[in-house]
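Only one structure is covered here, and it is reproduced in the block below.
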Amino acid sequence: MNTDVQNVARLSSLVRPHILKMSPYKSARSEYTGTKGIFLDANENSFGSVIDGSFNRYPDPLQLEVKKRLAHLKGVEVEQIFLGNGSDEAIDLLFRGFCEPARDVILTCPPTYGMYKVSADLNQIFIWEEPLSADFQLDADRVIARLTDQVKLIFICSPNNPSGNSLDPIAIETIIKAAPGLVVIDEAYIDFAPEKTKLSWLKQYPNLVVLQTFSKAWGLANLRLGAAYAHPFVIEILNKIKPPYNVNGLTQQMACEALDQVEKQEQMVAQMLEGRRWLEQALPELEGIQEVFPSDANFLLVRMKAAERVYGLLLAEEIILRNRSQVQLCEDCLRITVGRPEENH
Ligand SMILES: *Cc1c(COP(=O)(O)O)cnc(C)c1O
């Protein structure tokens, strides 16, 4: 086991050098963090807001109240949590913190979530792809065979979008052990899966980043809140480069309310799982359905005859599915989100 000094030295070597050196923006609210007093430091409107409600003060840049609740719920330290404007912001900041444009590489295992590639393209980072198998599983040996020091980030989405299945934890762990760079496990759908979160692995693996989101099981997609869990040094880098007030105060307040109602989230997850089971039974009865892939998420990937045509016909009925039929390994497939019972029927 490495000492933490060794871990930090290793992680420092992965950060883009100019980011290690730069000093971040110091916002008024990060210089003075007290809550009492007369605040004349941030050029806010001291009279209040134009609309009902108090929105005139800048929010907590480090979202401590949300993080305290999350730390308690997830069994991690506050220092291991980054919060972003959706997990998409965390993905983008990982690129900006760790990947040198026109030089560094990320590795993904398609078919998978589209934002990894979009962020890579936006940040001018090379992308190497090592496809999943035909049954959407991870081949650790093939991934590891491609690793070099240039590969700064490996994205593993489990349960995977759009296939819905959980990826083999042993393969994931083998990759984390072998990776010179960071391994990002995207757990956007973990609350729907029997497979456990890999948050407990953070203790062993300083190069692990786990992403979760409030957009799916918590039903808060509109608020834009995502979390990255990682070694405190990685979190410090993300905090250093994020926009100062990246998560607005209303979102922080609503997230605290949600986190005080974990049972409600569990109830809703149970309802969605029931809906998924219903769809898993009902769909194969329909004509033209070839395969309903096993899912640990709140959606199903379904292979069918004439997927493109079915997609168009349903669209005309104002039923909107996700057309994945042009995606590698998802030929003739549509992705169906589990809806309310009346929507599923
Ligand atoms: C929906 C989803 C997200 C969530 O992104 P947010 O920006 O937090 O809304 C992240 N990863 C995957 C794989 C997803 O499907």
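Counting convention: from 1, in listed order, for ligands and their atoms alike.
Counted by atom type alone, Asn323 and Glu308 present one or more donor-acceptor pairs between their side chains at under 3.5 Å. In this model, no donor atom of one side chain and acceptor atom of the other lie less than 3.5 Å apart for Asn165 and Asp296.
Proximity of the aromatic rings of Phe95 and Phe98 is defined here by a centroid distance below 6.0 angstrom, and this criterion is not met.
Remark: Tyr205 engages no residue in a ring pair (Phe, Tyr, Trp, His ring centres under 6.0 Å) (not counting sequence neighbours).
Contact atoms of ligand 1 toward Ala188: 2 (C), 3 (C), 10 (C), 11 (N), 12 (C), 14 (C) (distance under 4.0 Å to a heavy atom of the residue). Of all atoms in ligand 1, numbered sequentially from 1 with element shown, those under 4.0 Å from a heavy atom of Tyr189 are 1 (C), 14 (C), 15 (O). Close approach of ligand 1 to Cys157 (heavy-atom distance below 4.0 Å) involves ligand atoms 13 (C).
Protein heavy atom nearest atom 5 (O) of ligand 1, with residue, atom name and distance: Ser87 OG, 3.2 Å. The protein atom (non-hydrogen) at minimum distance from atom 3 (C) of ligand 1 is Lys216 NZ, 3.4 Å. What sits closest to atom 7 (O) of ligand 1 on the protein, heavy atoms only, is Arg224 NH2, 2.6 Å.
Residues Glu280 and Arg277 are not paired through a salt bridge, judged by the lack of any N-O separation under 4.0 Å between the basic side chain and the carboxylate.
Only the side chain of Ser215 comes within contact range of ligand 1, with a heavy atom under 4.0 Å; no backbone atom does. The proximity of Asp186 to ligand 1, defined as any non-hydrogen pair under 4.0 Å, is limited to the side chain.
Screening residues 267-303 for ring-ring contact (aromatic ring centres under 6.0 Å, His included) gives Phe136-Phe293, Tyr189-Phe299, Trp278-His345 as the qualifying pairs, with residues at least two apart or on separate chains.
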